[in-house]
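Only this structure's heavy atoms are used, side chains among them; waters, hydrogens and symmetry mates stay out. In this text the structure is predicted, and so the values were computed from the model without any measurement.
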Amino acid sequence: MCKTLQESVMAAEAHQTCYEGSIVQNFLFYLEQSGDHKIILQFLHNILPGQFKRIGAGRGSLDVLGVGSGGGNMDVELLTLLQSTLPAIPITADIVEGSSELTDIFKALVVKTTNLQTIPFAWHFMKSEDYEMEVKAKGDMKRFDFIHMVHMIYFLDNLDDSIKFYHSLLKKNGMLMIIVQADGTGWDILWKTYKKELCINGIEVSRSSGEVISCLKSQGLKYEEHAISNTFDISECFNPSSQTGERLLNFFTAKDHFYQSFTPEIRAGMLELLRNKSSTKKDGRVFFSCGVNCIFVYA
């Protein structure tokens, strides 16, 4: 019995990603403060219907794959938009996500979203690399019309191999959508400047849109790139007694406790960078640059 328990714990640890516990709450808090997903969705609602009509032309059904889908709020919006654009075509959805906490949030969201009740979901509770190994081991690859990877390439072990794999899963006329922090944004500057202190555990290398474009070019893939600008107020980050500020700093650095996780010199350097190199100032407030690039990669 003890052995069975130990095996269960080991299996859970093997599945677990850095997105468990407090980091999940900090992530959800960041989304609320930054409006990141709202800004992205405003853009996608304008451009995706045309892409969906192209992808769905002549199709009897549509298969969608979400990779690193997190709590599912983006997936729900994308699937709803796909349904409204092509109401007569049935849809299936496969989800790859390594966080048990976020997967549970996603499943609860599906239950509450009436229009998704007609969509069969296949849940793959594992890291992207494990999904790739599982698919290749089976030798029977399900192919997809639309694959999306939103803010998840930071966690990939090998970006080039992963893009090659997911592109290989596309059906004819299919599309892979990658959303990633743009070069030169606040997140990009912070993590590349302090990569020694930050690129550990779940994120071992700092990535932004430039790395993705380099991979696509090296593989000779056809793509289209769109910039989505965004800034939000991080003035509270410079008030040591502000809980809001500390939660944002915890998310920026992927740490549970910003003030206890770094030396005073490193903390001061990070705060100076956030204030003067990663942000703009207006009316005495500090606005963090967090724009993204949306990249459509075609089959």
Side-chain angles (χ1 to χ4, degrees), residues 40 43-45 47-70 72 74-86 88-98 119-124 126-180 207 209 211-226 292-299:
I40 292 171
F43 167 80
L44 294 179
H45 273 269
I47 197 168
L48 272 185
Q51 292 286 356
F52 285 160
K53 288 176 183 176
R54 178 190 63 81
I55 293 169
R59 296 283 194 220
S61 64
L62 289 168
D63 299 305
V64 178
L65 173 63
V67 186
S69 290
M74 184 68 72
D75 293 64
V76 168
E77 293 285 349
L78 291 173
L79 290 168
T80 299
L81 181 59
L82 180 56
Q83 281 181 321
S84 64
T85 304
L86 301 167
I89 303 179
I91 300 166
T92 73
D94 282 61
I95 307 299
V96 177
E97 172 55 51
I119 298 178
F121 280 80
W123 303 96
H124 307 276
M126 61 187 70
K127 290 174 58 179
S128 170
E129 288 81 7
D130 293 334
Y131 176 74
E132 181 177 346
M133 286 191 294
E134 183 179 274
V135 167
K136 289 179 176 177
K138 287 180 179 177
D140 181 24
M141 293 192 291
K142 179 178 179 180
R143 299 193 181 274
F144 299 91
D145 300 282
F146 178 53
I147 302 174
H148 56 87
M149 307 168 79
V150 180
H151 282 320
M152 65 77 57
I153 67 149
Y154 323 113
F155 305 97
L156 295 172
D157 293 338
N158 188 306
L159 179 62
D160 193 68
D161 286 350
S162 292
I163 287 178
K164 187 180 297 183
F165 168 70
Y166 285 109
H167 186 264
S168 75
L169 297 185
L170 290 174
K171 297 180 189 176
K172 183 180 180 182
N173 296 327
M175 185 176 77
L176 165 63
M177 182 179 78
I178 300 172
I179 293 179
V180 56
R207 293 194 180 112
S209 57
E211 283 80 9
V212 177
I213 296 302
S214 293
C215 282
L216 298 176
K217 287 181 176 178
S218 69
Q219 295 181 31
L221 299 178
K222 182 182 177 183
Y223 68 90
E224 185 179 311
E225 186 177 13
H226 301 270
V292 302
N293 279 18
C294 175
I295 305 166
F296 296 145
V297 188
Y298 299 106

request  = Just jot down the salt bridge (charged side-chain N to carboxylate O under 4.0 Å, His left out) partners of Lys138, sequence neighbours excluded, or say none.
outcome  = Glu134
message = The criterion is ring pair (Phe, Tyr, Trp, His ring centres under 6.0 Å); which residues satisfy it with His45, sequence neighbours excluded?
response = none
Residues in salt bridge (charged side-chain N to carboxylate O under 4.0 Å, His left out) contact with Asp75, at least two apart in sequence or another chain = none
message = Using only atom types and a distance under 3.5 Å, with no angle test, would you say the side chain of Ser162 pairs donor to acceptor with the backbone of Leu159?
response = no
message = Checking side-chain polar atoms at under 3.5 Å, does Tyr298 have a donor or acceptor matched by the opposite partner on Gln51?
response = yes
query = Can you name the nearest heavy-atom pair linking Glu129 to Phe155, along with the distance?
reply = OE2-O, 4.2 Å
inquiry  = How close do Ser69 and Glu97 get, counting heavy atoms only, and between which atoms?
reply    = N-OE1, 3.2 Å
remark   = Rounding to 0.5 Å, atoms NZ (Lys164) and OG (Ser218) come to a distance of 7.5 Å
message = Going by the rule side chain to side chain donor-acceptor pair (under 3.5 Å), which residues pair with His124 if we only count those two or more places apart in sequence or in a different chain?
response = Asp94
task = Under the side chain to side chain contact (heavy atoms under 4.5 Å, CB included) rule, collect the residues that match up with Thr80, sequence neighbours excluded.
result = Val76, Asn115, Leu116
request  = Take Met149 and Ile163 through the test side-chain contact (heavy atoms from CB on, under 4.5 Å) and record every step on the way to the result.
outcome  = CA-CA 10 Å; Met149 307 168 79; Ile163 287 178; 5.7 Å; no
task = Mind running side-chain contact (heavy atoms from CB on, under 4.5 Å) on Val96 and Met152 for me, showing each step along the way?
result = CA-CA 11 Å; Val96 177; Met152 65 77 57; over 6 Å; no
key: Main-chain N/O of Ile295 paired to Glu225 side chain as donor or acceptor, under 3.5 Å   = no
request  = For Lys217, enumerate each residue passing the side chain to side chain contact (heavy atoms under 4.5 Å, CB included) test, keeping only those at least two apart in sequence or located in another chain.
outcome  = Ile213, Tyr223
inquiry  = Given 3.5 Å as the limit, does a donor-acceptor pair link the side chain of Arg59 with the main chain of Ile89, or not?
reply    = no
request  = Could you tell me whether the side chain of Val292 reaches within less than 4.5 Å of the side chain of His151, counting heavy atoms only?
outcome  = yes
query = Listed by chain and number, what are the ring pair (Phe, Tyr, Trp, His ring centres under 6.0 Å) partners of Phe121, not counting sequence neighbours?
reply = Trp123
query = Atom SG of Cys294 and atom CG of Leu44: how far apart are they, to the nearest 0.5 Å?
reply = 5.5 Å
key: Ring centre gap for Phe52 and Phe146 strictly below 6.0 Å   = yes
Pair up each side-chain donor or acceptor in residues 169-178 with any protein partner under 3.5 Å, not counting sequence neighbours, and list the distances.
unit_1, atom_1, unit_2, atom_2, d
Lys171, NZ, Asp63, OD2, 2.7
Lys171, NZ, Asp145, OD2, 3.1

inquiry  = Would you compute the distance between atom CD1 of Ile55 and atom CZ of Phe144 and round it to the nearest 0.5 angstrom?
reply    = 13.5 Å
inquiry  = Nearest 0.5 angstrom please: Ile40 CD1 to Met74 CE, how far?
reply    = 4.5 Å
query = Between Val64 and Ile119, does a side-chain contact (heavy atoms from CB on, under 4.5 Å) hold up when you go through it step by step?
reply = CA-CA 10 Å; Val64 178; Ile119 298 178; over 6 Å; no
query = Could you go step by step and tell me if Leu156 and Ser128 meet the side-chain contact (heavy atoms from CB on, under 4.5 Å) rule?
reply = CA-CA 7 Å; Leu156 295 172; Ser128 170; 3.6 Å; yes
query = Of all residues at least two apart in sequence or in a different chain, which pass the side chain to side chain contact (heavy atoms under 4.5 Å, CB included) check with Asp161?
reply = Asn158
ask   = What distance separates Ile153 CD1 from Ser209 OG, expressed to the nearest 0.5 Å?
value = 8.5 Å
key: Pro49: side chain to side chain contact (heavy atoms under 4.5 Å, CB included) partners, not counting sequence neighbours   = Leu81, Thr85
Those residues that, when tested against Lys136, pass salt bridge (charged side-chain N to carboxylate O under 4.0 Å, His left out) (two or more places apart) = Glu132
message = For Arg143, give me all partners under salt bridge (charged side-chain N to carboxylate O under 4.0 Å, His left out), at least two apart in sequence or on another chain.
response = none
query = Looking only at heavy atoms, which two atoms of Gly60 and Pro90 are closest? And how far apart?
reply = O-CD, 3.3 Å
